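The structure under discussion is supplied below as structure tokens; questions concerning it will follow.
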Amino acid sequence: MKAKPRRLRRSQLAVPGSDAKKLAKAAASDADHVFCDLEDAVAPSAKQQARETSIDALNNLDWGRTVRCVRVNDVGTEWCHEDIITLVEKAGENLDTIMLPKPMNAGDVQFADKLLNQLEKKLGLERRIGLEVLIEEVDAMQNVVEIAGSCERLECMIFGMGDYAASQGIAVRNIGREGGYPGDVFHYPRYQMTIAARVSGLDAVDGPFANFNDEAAYRVECRRALTLGMVGKWAIHPAQIAPALEVFSPSRKDVDFAREIIGAYQKAAAAGLGSVAHRGMMIDAASARLFQNTVDRADLIGM
Ligand code: COA
Ligand code: MG
């Protein structure tokens, strides 16, 4: 069994796969992860051209340390198999992950997994291409636990609130934003998906926020996702990259404090104590474990 690669996903930037200019801008951006979109950002008549434009971008742009991903069309369309085959055959060496939208169940993800197995064997690819899935249908939410455990190749689940709202019949006017519901109308699906992701060792990521001029509201959504245990959020415009990077990175102060708590706990444990007071707060094994999450995030970022 190959170990899952650990990748940064604080900001996942969506770029229409048909737009060479935006792809170049995305490659040069600070986003941890960019996905070239062949799905909803591309009109049916432009699907073929978008595939070729994205392949060209993967092969010829300097992506630095950015995770290179392509969102293919879903398994219910006539494009999915060809998207995957063409992409991997022409740009498999320059592709880190494939994002699969609208899976309904584990079988949908396993279709992509098996196709990738065949292609990797045929082409002799050494690096395994990862899979990411969007949880954006009520069926997927119902089956989220089996989807999370569907295959070893899966690395990440994203909550896609636009399609999800449509699928459930939730009445919102602006993608990513609740309207008139007391509390967060997306709290339950976000929570549910994040639990399933954590059980299977996957990254949970929050989907789009359409109003890219409202940074304050975007930050609120980022903090909400972070609090639930998600590791990042989509950006649909370059203006959303910096806020997500900031919110999903612990501050120097947070990291120092986390290390201090863990150190204080270890000292107490060595002295035979299970819980001690530290700066007026009780700390025990659970505190050390909780703050270890902050240290793990900092290590991945390289802080
Ligand atoms: N990736 C890379 N570059 C982007 C970008 C993106 N997602 N969105 C905008 N830009 C670039 C523009 O090309 C422009 O570049 P320039 O200054 O060199 O001309 C600059 O950022 C400012 O863009 P702006 O004029 O504010 O927006 P726009 O009208 O060009 O585009 C959208 C607005 C919404 C069409 C665009 O942000 C977009 O395509 N977003 C992604 C859509 C998508 O992928 N949806 C599917 C997933 S939800
Ligand atoms: Mg969608």
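What you see is a predicted model, and the numbers here were worked out from it, not measured in a lab. Every number for a ligand or one of its atoms is a count from 1 in the order of the listing.
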(message) To the closest 0.5 Å, what do you measure between CZ (R297) and CG (D254)?
(response) 10.5 Å
(request) Before accepting this row, confirm whether a basic side-chain N of the pair R219/E246 lies closer than 4.0 Å to the acidic partner's carboxylate O. (result) yes
(request) Look up atom SG in C69 and atom CG in L13, then write down how far apart they are to the nearest 0.5 Å. (result)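 CG of L13 is found 11.5 Å from SG of C69.
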(message) Check R51 with D83, please: is the shortest side-chain N to carboxylate O separation under 4.0 Å?
(response)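 Counted as a salt bridge, because a side-chain N and a carboxylate O are separated by less than 4.0 Å.
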(message) So if I only count non-hydrogen atoms and take anything under 4.0 Å from ligand 1, which residues does that give, chain by chain?
(response) L13, A14, V15, P16, K21, K22, K25, D37, A41, R71, F212, W234, I236, H237, P238
(request) Indicate yes or no: does D96 engage R127 in a salt bridge with an N to O separation below 4.0 Å. (result) yes
(request) Drop me the distance from K233's NZ to F159's CZ, to the nearest 0.5 angstrom. (result)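 Here the interatomic distance stands at 9.5 Å.
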(request) May I ask you to decide if the ring planes of H237 and F212 are parallel, tilted or perpendicular, using 30° and 60° as cut-offs? (result)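 Parallel: the ring planes of H237 and F212 meet at under 30°.
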(request) With 2.8 Å as the limit, jot down which protein N, O or S atoms are around the Mg ion (ligand 2). (result) E136 OE1, D163 OD2
(request) Please determine, by modelled atom types, if H187 and Q192 share a side-chain donor-acceptor pair under 3.5 angstrom. (result) no
(request) Take N73 and K47, measure what side-chain hydrogen bond (donor to acceptor under 3.5 Å, both in side chains) needs, and give me the verdict at the end. (result) CA-CA 9 Å; N73 290 284; K47 296 284 186 196; 2.9 Å; yes
